[in-house]
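Here's the structure we're looking at; comments come further down.
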There are 2 protein chains.
Amino acid sequence: MTASGHSPKRSAEKLADLTERLRRQSRKVTGPRQALLDLLRQQSHPLAIREIFAALPAGISDLATIYRSMHLLEQMRMVKRFDFGDGAARFELVPEGEDGHHHHLVCTRCSVVLEIEECFPEHVERSLAQTSGFQGITHRLEFFGLCPECQTTKSI
Amino acid sequence: MTASGHSPKRSAEKLADLTERLRRQSRKVTGPRQALLDLLRQQSHPLAIREIFAALPAGISDLATIYRSMHLLEQMRMVKRFDFGDGAARFELVPEGEDGHHHHLVCTRCSVVLEIEECFPEHVERSLAQTSGFQGITHRLEFFGLCPECQTTKSI
DNA sequence: TCCGATTTTGCAAACGATTTGCAATGAAAC
DNA sequence: GTTTCATTGCAAATCGTTTGCAAAATCGGA
(Lines give C-alpha, C1' and ligand atoms only; values in the text may rest on other atoms or scores of the structure.)
Protein backbone atom coordinates (compact mmCIF):
# COMPACT_ATOMS: atom_id res chain seq x y z
CA MET A 1 0.00 0.00 0.00
CA THR A 2 1.33 3.41 -0.92
CA ALA A 3 0.19 6.78 0.28
CA SER A 4 -0.30 8.73 -2.87
CA GLY A 5 -1.04 12.12 -1.43
CA HIS A 6 1.88 14.01 -2.84
CA SER A 7 4.61 11.42 -3.15
CA PRO A 8 6.34 10.78 -6.47
CA LYS A 9 4.59 8.47 -8.87
CA ARG A 10 5.60 4.89 -8.27
CA SER A 11 6.89 4.46 -11.81
CA ALA A 12 7.52 7.88 -13.18
CA GLU A 13 7.88 8.04 -16.92
CA LYS A 14 9.57 10.85 -18.74
CA LEU A 15 7.24 13.07 -20.70
CA ALA A 16 9.35 12.46 -23.76
CA ASP A 17 8.44 8.78 -23.55
CA LEU A 18 4.79 9.66 -23.35
CA THR A 19 4.71 11.88 -26.39
CA GLU A 20 6.79 9.21 -28.10
CA ARG A 21 4.03 6.72 -27.31
CA LEU A 22 1.54 9.04 -28.95
CA ARG A 23 3.72 9.29 -32.04
CA ARG A 24 4.22 5.54 -32.16
CA GLN A 25 0.49 5.20 -32.65
CA SER A 26 0.53 8.08 -35.11
CA ARG A 27 -1.44 10.44 -32.94
CA LYS A 28 -0.53 14.09 -33.02
CA VAL A 29 1.39 15.54 -30.13
CA THR A 30 -0.44 18.79 -29.58
CA GLY A 31 -0.17 21.46 -26.93
CA PRO A 32 -3.23 20.39 -24.96
CA ARG A 33 -2.11 16.78 -24.98
CA GLN A 34 1.38 17.61 -23.84
CA ALA A 35 0.02 19.73 -21.02
CA LEU A 36 -2.38 16.96 -20.08
CA LEU A 37 0.28 14.24 -20.04
CA ASP A 38 2.67 16.52 -18.19
CA LEU A 39 0.06 17.15 -15.55
CA LEU A 40 -0.85 13.48 -15.18
CA ARG A 41 2.78 12.53 -14.95
CA GLN A 42 3.35 14.64 -11.87
CA GLN A 43 0.24 13.34 -10.16
CA SER A 44 0.24 10.25 -8.03
CA HIS A 45 -3.47 9.70 -7.64
CA PRO A 46 -6.37 9.54 -10.06
CA LEU A 47 -7.57 12.93 -11.26
CA ALA A 48 -11.13 13.85 -12.18
CA ILE A 49 -11.69 15.75 -15.40
CA ARG A 50 -12.70 18.86 -13.54
CA GLU A 51 -9.51 18.64 -11.49
CA ILE A 52 -7.46 18.34 -14.64
CA PHE A 53 -9.28 21.28 -16.14
CA ALA A 54 -8.72 23.37 -13.03
CA ALA A 55 -5.07 22.39 -12.80
CA LEU A 56 -4.19 23.26 -16.38
CA PRO A 57 -3.18 26.87 -17.02
CA ALA A 58 -6.22 28.90 -18.08
CA GLY A 59 -6.89 28.70 -21.79
CA ILE A 60 -4.60 25.72 -22.28
CA SER A 61 -7.45 23.38 -22.94
CA ASP A 62 -11.17 22.91 -22.99
CA LEU A 63 -13.37 20.43 -21.16
CA ALA A 64 -14.49 18.69 -24.34
CA THR A 65 -10.88 18.35 -25.45
CA ILE A 66 -9.88 16.84 -22.13
CA TYR A 67 -12.74 14.34 -22.32
CA ARG A 68 -11.74 13.43 -25.84
CA SER A 69 -8.10 13.12 -24.87
CA MET A 70 -8.92 10.85 -21.97
CA HIS A 71 -10.88 8.54 -24.26
CA LEU A 72 -7.96 8.43 -26.65
CA LEU A 73 -5.38 7.84 -23.93
CA GLU A 74 -7.61 5.17 -22.41
CA GLN A 75 -7.81 3.33 -25.74
CA MET A 76 -4.05 3.58 -26.03
CA ARG A 77 -3.79 2.18 -22.50
CA MET A 78 -1.83 5.21 -21.43
CA VAL A 79 -4.31 6.03 -18.69
CA LYS A 80 -6.63 3.93 -16.60
CA ARG A 81 -10.09 4.96 -15.48
CA PHE A 82 -11.22 4.64 -11.88
CA ASP A 83 -14.63 5.10 -10.35
CA PHE A 84 -14.84 6.30 -6.77
CA GLY A 85 -18.62 6.29 -6.83
CA ASP A 86 -19.10 10.05 -6.81
CA GLY A 87 -20.23 10.21 -10.41
CA ALA A 88 -16.97 11.55 -11.79
CA ALA A 89 -14.49 9.37 -13.63
CA ARG A 90 -10.87 9.61 -12.51
CA PHE A 91 -7.76 8.89 -14.54
CA GLU A 92 -4.27 7.81 -13.72
CA LEU A 93 -1.25 7.43 -15.95
CA VAL A 94 -0.28 3.83 -16.67
CA PRO A 95 3.48 3.19 -16.59
CA GLU A 96 4.66 1.90 -19.94
CA GLY A 97 4.77 -1.87 -20.15
CA GLU A 98 2.61 -2.37 -17.07
CA ASP A 99 -1.12 -2.69 -17.00
CA GLY A 100 -1.36 -0.37 -14.04
CA HIS A 101 -3.80 -2.65 -12.31
CA HIS A 102 -4.31 -1.75 -8.66
CA HIS A 103 -6.96 -0.53 -6.29
CA HIS A 104 -7.49 2.36 -3.91
CA LEU A 105 -8.57 3.10 -0.40
CA VAL A 106 -10.47 6.38 -0.43
CA CYS A 107 -11.43 8.46 2.59
CA THR A 108 -15.15 9.05 2.45
CA ARG A 109 -14.72 12.46 4.00
CA CYS A 110 -11.57 14.14 2.74
CA SER A 111 -11.06 11.95 -0.33
CA VAL A 112 -7.42 11.26 0.40
CA VAL A 113 -6.34 8.25 -1.65
CA LEU A 114 -4.06 5.37 -0.72
CA GLU A 115 -2.88 3.08 -3.45
CA ILE A 116 -3.15 -0.64 -2.84
CA GLU A 117 -0.73 -2.76 -4.78
CA GLU A 118 -2.09 -6.21 -4.11
CA CYS A 119 -5.00 -7.38 -6.20
CA PHE A 120 -7.12 -9.82 -4.27
CA PRO A 121 -9.83 -10.63 -6.79
CA GLU A 122 -7.29 -11.58 -9.41
CA HIS A 123 -6.93 -15.21 -8.40
CA VAL A 124 -10.69 -15.36 -8.15
CA GLU A 125 -11.31 -14.42 -11.74
CA ARG A 126 -10.02 -17.77 -12.94
CA SER A 127 -12.30 -19.66 -10.62
CA LEU A 128 -15.20 -17.45 -11.67
CA ALA A 129 -14.43 -18.17 -15.30
CA GLN A 130 -14.58 -21.89 -14.51
CA THR A 131 -17.87 -21.84 -12.67
CA SER A 132 -19.68 -19.22 -14.76
CA GLY A 133 -18.34 -19.80 -18.25
CA PHE A 134 -17.76 -16.08 -18.68
CA GLN A 135 -14.78 -15.00 -20.73
CA GLY A 136 -12.36 -12.13 -20.32
CA ILE A 137 -13.36 -11.46 -16.77
CA THR A 138 -12.29 -8.16 -15.27
CA HIS A 139 -13.30 -6.38 -12.12
CA ARG A 140 -13.60 -3.04 -10.45
CA LEU A 141 -12.79 -2.85 -6.75
CA GLU A 142 -12.32 0.16 -4.51
CA PHE A 143 -12.23 0.46 -0.76
CA PHE A 144 -13.70 3.30 1.25
CA GLY A 145 -13.28 4.36 4.85
CA LEU A 146 -12.43 7.20 7.21
CA CYS A 147 -8.76 8.13 7.18
CA PRO A 148 -6.84 8.66 10.45
CA GLU A 149 -6.73 12.40 9.90
CA CYS A 150 -10.49 12.64 9.57
CA GLN A 151 -11.04 10.44 12.61
CA THR A 152 -9.60 13.15 14.83
CA THR A 153 -11.64 15.99 13.36
CA LYS A 154 -15.09 14.68 14.15
CA SER A 155 -17.02 17.80 13.14
CA ILE A 156 -18.37 18.25 9.65
CA MET B 1 -22.92 -17.99 -7.32
CA THR B 2 -26.53 -17.65 -8.32
CA ALA B 3 -27.98 -16.91 -11.70
CA SER B 4 -30.36 -14.08 -11.07
CA GLY B 5 -31.95 -13.73 -14.44
CA HIS B 6 -35.50 -14.57 -13.51
CA SER B 7 -35.16 -16.89 -10.54
CA PRO B 8 -36.85 -16.14 -7.22
CA LYS B 9 -35.07 -13.75 -4.90
CA ARG B 10 -32.72 -15.62 -2.65
CA SER B 11 -34.44 -14.41 0.49
CA ALA B 12 -37.88 -13.29 -0.54
CA GLU B 13 -39.64 -11.11 1.95
CA LYS B 14 -43.36 -10.67 2.05
CA LEU B 15 -44.55 -7.25 0.98
CA ALA B 16 -46.40 -6.92 4.28
CA ASP B 17 -43.08 -7.08 6.08
CA LEU B 18 -41.70 -4.37 3.88
CA THR B 19 -44.49 -1.89 4.44
CA GLU B 20 -44.26 -2.80 8.12
CA ARG B 21 -40.63 -1.79 8.05
CA LEU B 22 -41.65 1.56 6.64
CA ARG B 23 -44.22 1.99 9.37
CA ARG B 24 -41.74 0.99 12.06
CA GLN B 25 -39.65 3.95 11.07
CA SER B 26 -42.76 6.11 10.87
CA ARG B 27 -42.64 6.61 7.15
CA LYS B 28 -45.89 6.68 5.31
CA VAL B 29 -46.93 3.72 3.27
CA THR B 30 -48.12 5.36 0.08
CA GLY B 31 -49.23 3.96 -3.22
CA PRO B 32 -46.02 4.71 -5.12
CA ARG B 33 -43.94 3.18 -2.36
CA GLN B 34 -46.01 0.04 -2.21
CA ALA B 35 -45.77 -0.37 -5.94
CA LEU B 36 -42.04 0.22 -5.80
CA LEU B 37 -41.44 -2.30 -3.03
CA ASP B 38 -43.71 -4.80 -4.70
CA LEU B 39 -41.76 -4.49 -7.90
CA LEU B 40 -38.38 -4.78 -6.20
CA ARG B 41 -39.54 -7.81 -4.28
CA GLN B 42 -40.24 -9.80 -7.40
CA GLN B 43 -36.93 -8.89 -8.97
CA SER B 44 -33.80 -10.88 -8.44
CA HIS B 45 -31.24 -8.54 -9.89
CA PRO B 46 -30.47 -4.86 -9.39
CA LEU B 47 -32.84 -2.53 -11.21
CA ALA B 48 -31.95 0.86 -12.66
CA ILE B 49 -34.30 3.76 -11.97
CA ARG B 50 -35.39 3.90 -15.56
CA GLU B 51 -36.17 0.18 -15.47
CA ILE B 52 -38.24 0.68 -12.36
CA PHE B 53 -40.04 3.58 -13.96
CA ALA B 54 -40.72 1.57 -17.10
CA ALA B 55 -41.88 -1.47 -15.13
CA LEU B 56 -44.36 0.41 -12.98
CA PRO B 57 -47.85 0.81 -14.43
CA ALA B 58 -48.09 4.13 -16.25
CA GLY B 59 -49.01 7.00 -13.98
CA ILE B 60 -48.23 5.05 -10.83
CA SER B 61 -45.18 7.08 -10.08
CA ASP B 62 -42.87 9.76 -11.27
CA LEU B 63 -39.12 9.69 -11.82
CA ALA B 64 -38.42 12.23 -9.10
CA THR B 65 -40.53 10.24 -6.68
CA ILE B 66 -38.66 7.06 -7.47
CA TYR B 67 -35.33 8.77 -6.97
CA ARG B 68 -36.54 10.15 -3.64
CA SER B 69 -37.89 6.78 -2.60
CA MET B 70 -34.63 5.04 -3.38
CA HIS B 71 -32.73 7.50 -1.24
CA LEU B 72 -35.15 6.91 1.60
CA LEU B 73 -35.04 3.14 1.25
CA GLU B 74 -31.27 3.25 1.02
CA GLN B 75 -31.07 5.19 4.27
CA MET B 76 -33.40 2.68 5.87
CA ARG B 77 -31.12 -0.09 4.54
CA MET B 78 -34.03 -1.63 2.73
CA VAL B 79 -32.27 -1.43 -0.61
CA LYS B 80 -28.64 -1.51 -1.62
CA ARG B 81 -27.12 0.48 -4.41
CA PHE B 82 -24.88 -1.10 -7.04
CA ASP B 83 -22.79 0.49 -9.72
CA PHE B 84 -22.18 -1.44 -12.93
CA GLY B 85 -20.20 1.40 -14.42
CA ASP B 86 -22.73 2.46 -17.03
CA GLY B 87 -23.64 5.66 -15.26
CA ALA B 88 -26.94 4.41 -13.87
CA ALA B 89 -27.35 3.36 -10.25
CA ARG B 90 -29.04 0.02 -9.66
CA PHE B 91 -30.97 -1.06 -6.58
CA GLU B 92 -31.71 -4.37 -4.98
CA LEU B 93 -33.93 -5.19 -2.03
CA VAL B 94 -32.03 -6.14 1.12
CA PRO B 95 -33.56 -9.09 3.01
CA GLU B 96 -34.51 -7.99 6.51
CA GLY B 97 -31.86 -8.71 9.09
CA GLU B 98 -29.14 -9.25 6.51
CA ASP B 99 -26.86 -6.63 5.10
CA GLY B 100 -27.33 -7.97 1.61
CA HIS B 101 -23.64 -7.81 0.93
CA HIS B 102 -22.64 -9.59 -2.25
CA HIS B 103 -21.16 -8.92 -5.66
CA HIS B 104 -22.10 -9.48 -9.27
CA LEU B 105 -20.69 -10.78 -12.49
CA VAL B 106 -22.11 -8.73 -15.32
CA CYS B 107 -21.96 -9.55 -19.01
CA THR B 108 -20.44 -6.60 -20.80
CA ARG B 109 -22.58 -7.24 -23.81
CA CYS B 110 -26.04 -8.42 -22.81
CA SER B 111 -25.91 -7.25 -19.20
CA VAL B 112 -27.08 -10.54 -17.75
CA VAL B 113 -26.23 -10.59 -14.06
CA LEU B 114 -24.94 -13.45 -11.93
CA GLU B 115 -24.95 -13.01 -8.21
CA ILE B 116 -21.80 -13.98 -6.34
CA GLU B 117 -22.30 -14.96 -2.75
CA GLU B 118 -18.73 -15.10 -1.55
CA CYS B 119 -17.09 -11.86 -0.57
CA PHE B 120 -13.37 -12.05 -1.15
CA PRO B 121 -12.26 -8.63 -0.01
CA GLU B 122 -13.98 -8.98 3.34
CA HIS B 123 -11.09 -10.62 5.11
CA VAL B 124 -8.83 -8.01 3.60
CA GLU B 125 -10.63 -5.08 5.12
CA ARG B 126 -9.32 -5.95 8.56
CA SER B 127 -5.76 -6.11 7.34
CA LEU B 128 -6.25 -2.85 5.48
CA ALA B 129 -7.60 -1.23 8.63
CA GLN B 130 -4.46 -2.34 10.45
CA THR B 131 -1.98 -1.08 7.92
CA SER B 132 -3.78 2.11 6.89
CA GLY B 133 -5.47 3.24 10.10
CA PHE B 134 -8.70 3.83 8.21
CA GLN B 135 -11.95 3.14 10.05
CA GLY B 136 -15.21 1.64 8.87
CA ILE B 137 -13.73 0.26 5.70
CA THR B 138 -16.16 -0.85 3.03
CA HIS B 139 -15.66 -1.74 -0.60
CA ARG B 140 -17.33 -1.91 -3.95
CA LEU B 141 -16.46 -4.82 -6.22
CA GLU B 142 -18.07 -5.97 -9.42
CA PHE B 143 -16.87 -8.38 -12.07
CA PHE B 144 -17.40 -8.03 -15.79
CA GLY B 145 -17.01 -10.42 -18.66
CA LEU B 146 -18.66 -12.02 -21.66
CA CYS B 147 -21.35 -14.54 -20.77
CA PRO B 148 -21.50 -17.96 -22.47
CA GLU B 149 -24.56 -16.94 -24.45
CA CYS B 150 -22.84 -13.91 -25.91
CA GLN B 151 -19.71 -15.89 -26.70
CA THR B 152 -21.63 -17.86 -29.30
CA THR B 153 -23.21 -14.84 -31.00
CA LYS B 154 -20.06 -13.06 -32.05
CA SER B 155 -21.72 -10.40 -34.15
CA ILE B 156 -22.68 -7.06 -32.71
C1' DT C 1 9.55 26.01 -46.89
C1' DC C 2 5.09 25.97 -48.34
C1' DC C 3 0.78 22.94 -49.30
C1' DG C 4 -2.76 19.92 -48.83
C1' DA C 5 -4.84 16.11 -46.39
C1' DT C 6 -6.23 14.90 -42.02
C1' DT C 7 -6.57 15.63 -37.00
C1' DT C 8 -7.52 18.15 -33.35
C1' DT C 9 -9.52 22.03 -31.05
C1' DG C 10 -12.87 25.34 -29.05
C1' DC C 11 -17.35 26.66 -28.56
C1' DA C 12 -22.03 25.86 -27.97
C1' DA C 13 -25.67 22.93 -27.82
C1' DA C 14 -27.40 18.32 -26.70
C1' DC C 15 -27.72 14.54 -23.48
C1' DG C 16 -28.78 11.30 -19.72
C1' DA C 17 -28.95 10.70 -14.86
C1' DT C 18 -30.12 12.94 -10.87
C1' DT C 19 -31.71 16.74 -7.84
C1' DT C 20 -34.57 20.52 -6.36
C1' DG C 21 -38.40 24.24 -5.72
C1' DC C 22 -42.92 24.57 -5.09
C1' DA C 23 -47.68 24.14 -4.90
C1' DA C 24 -51.09 20.44 -4.64
C1' DT C 25 -52.24 16.01 -2.61
C1' DG C 26 -52.44 12.39 0.76
C1' DA C 27 -51.88 10.03 5.27
C1' DA C 28 -52.37 9.79 9.96
C1' DA C 29 -53.41 11.82 14.57
C1' DC C 30 -56.62 14.54 17.33
C1' DG D 1 -63.70 16.03 10.10
C1' DT D 2 -59.96 18.99 10.60
C1' DT D 3 -55.29 19.91 11.26
C1' DT D 4 -50.57 18.84 10.43
C1' DC D 5 -46.82 17.14 8.26
C1' DA D 6 -44.93 14.05 4.83
C1' DT D 7 -45.19 12.94 0.11
C1' DT D 8 -46.14 13.63 -4.67
C1' DG D 9 -46.06 15.45 -9.46
C1' DC D 10 -44.42 18.66 -12.49
C1' DA D 11 -41.08 21.62 -14.32
C1' DA D 12 -36.82 23.56 -14.15
C1' DA D 13 -32.11 23.23 -12.68
C1' DT D 14 -27.68 20.75 -12.15
C1' DC D 15 -23.83 17.83 -13.13
C1' DG D 16 -20.90 14.94 -15.81
C1' DT D 17 -20.29 13.80 -20.37
C1' DT D 18 -20.90 13.75 -25.45
C1' DT D 19 -21.45 15.69 -30.03
C1' DG D 20 -21.84 18.90 -34.31
C1' DC D 21 -19.40 21.99 -36.67
C1' DA D 22 -16.35 25.38 -38.41
C1' DA D 23 -11.70 27.18 -37.39
C1' DA D 24 -6.96 26.12 -36.26
C1' DA D 25 -3.11 23.07 -35.94
C1' DT D 26 -0.14 19.09 -37.24
C1' DC D 27 2.46 16.32 -40.38
C1' DG D 28 4.24 14.30 -44.63
C1' DG D 29 5.46 15.32 -49.06
C1' DA D 30 6.34 18.58 -53.07
Side-chain angles (χ1 to χ4, degrees), chain A residues 15-16 18-39 46-76 78-91 111 140, chain B residues 16 18-39 46-76 78-91 111:
Chain A
L15 186 57
L18 293 171
T19 57
E20 181 48 36
R21 273 211 259 172
L22 280 178
R23 253 187 267 276
R24 234 180 282 153
Q25 306 207 17
S26 52
R27 319 309 304 235
K28 298 188 177 168
V29 183
T30 63
R33 285 178 185 171
Q34 292 228 12
L36 184 53
L37 288 171
D38 201 12
L39 174 65
L47 286 186
I49 301 285
R50 69 166 108 177
E51 293 173 319
I52 294 173
F53 182 67
L56 289 176
I60 268 294
S61 195
D62 159 274
L63 271 179
T65 299
I66 299 177
Y67 276 105
R68 278 186 280 232
S69 295
M70 297 324 290
H71 281 302
L72 173 70
L73 295 173
E74 208 182 353
Q75 273 187 239
M76 298 177 64
M78 287 179 67
V79 300
K80 183 159 186 191
R81 173 189 301 254
F82 292 97
D83 179 1
F84 288 176
D86 63 352
R90 276 146 217 275
F91 299 88
S111 298
R140 290 195 305 123
Chain B
L18 293 172
T19 58
E20 180 50 35
R21 274 213 258 172
L22 280 179
R23 251 187 269 278
R24 234 181 283 152
Q25 304 206 19
S26 52
R27 319 309 303 236
K28 299 187 177 167
V29 183
T30 63
R33 284 179 187 171
Q34 292 227 15
L36 184 53
L37 287 170
D38 202 12
L39 173 65
L47 286 186
I49 301 285
R50 69 165 109 175
E51 293 173 318
I52 295 174
F53 183 67
L56 289 177
I60 268 292
S61 197
D62 159 273
L63 271 179
T65 300
I66 300 177
Y67 276 106
R68 278 186 280 231
S69 295
M70 300 322 292
H71 281 301
L72 173 70
L73 295 173
E74 208 182 352
Q75 272 187 241
M76 298 176 63
M78 288 178 67
V79 301
K80 184 161 183 187
R81 173 188 300 256
F82 291 97
D83 179 0
F84 289 176
D86 63 352
R90 277 145 215 274
F91 299 88
S111 299

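Predicted model only: the values in this text are computed from it and were never measured. Naming convention: chains lettered A, B, ... in sequence-line order (proteins, then strands); numbering from 1 in each chain.
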Across all chains, not counting sequence neighbours, the ring-ring contact (aromatic ring centres under 6.0 Å, His included) partners of A:Phe82 are A:His102, A:His104
Q) Does a nitrogen or oxygen in the side chain of B:Arg33 sit under 4.0 Å from OP1 or OP2 of D:dA6? A) no
Taking for A:Asp86 and for B:Leu72 the nucleotide of DNA chain D with the nearest heavy atom, the one nearer the 5' end belongs to B:Leu72
Rounded to whole Å, the CG-P distance (A:Leu73 to C:dT7) equals 17 Å
- request: May I ask you to test the A:Met70-A:Leu36 pair for a side-chain heavy-atom distance under 4.5 Å?
  value: yes
So, with a heavy-atom separation below 4.0 Å from DNA chain C, the residues of residues 51-61 of chain B are none
Separation between OH (B:Tyr67) and CD1 (B:Ile52), nearest 0.5 Å, reads 9.5 Å
Those residues at least two apart in sequence (or on a different chain) that pass side chain to side chain contact (heavy atoms under 4.5 Å, CB included) with A:Ser61 are A:Pro32, A:Leu56, A:Thr65, A:Ile66
A correct 5'-to-3' footprint of nucleotides 18-28 of chain C, with B, S and - meaning base, sugar-phosphate only and no protein heavy atom under 4.0 Å, is BBBB----BBS
Closest non-hydrogen contact found for A:Arg90 with A:Ala48 is CG-N, 3.7 Å
Sequence neighbours excluded, the answer for salt bridge (Lys or Arg N to Asp or Glu O under 4.0 Å) partners of B:Asp62 is none
Can you find a heavy atom in the side chain of A:Ser111 that is under 4.5 Å from one in the side chain of A:Phe84?
no
Residue set satisfying salt bridge (Lys or Arg N to Asp or Glu O under 4.0 Å) with B:Arg81, at least two apart, ordered chain then number -> B:Glu74
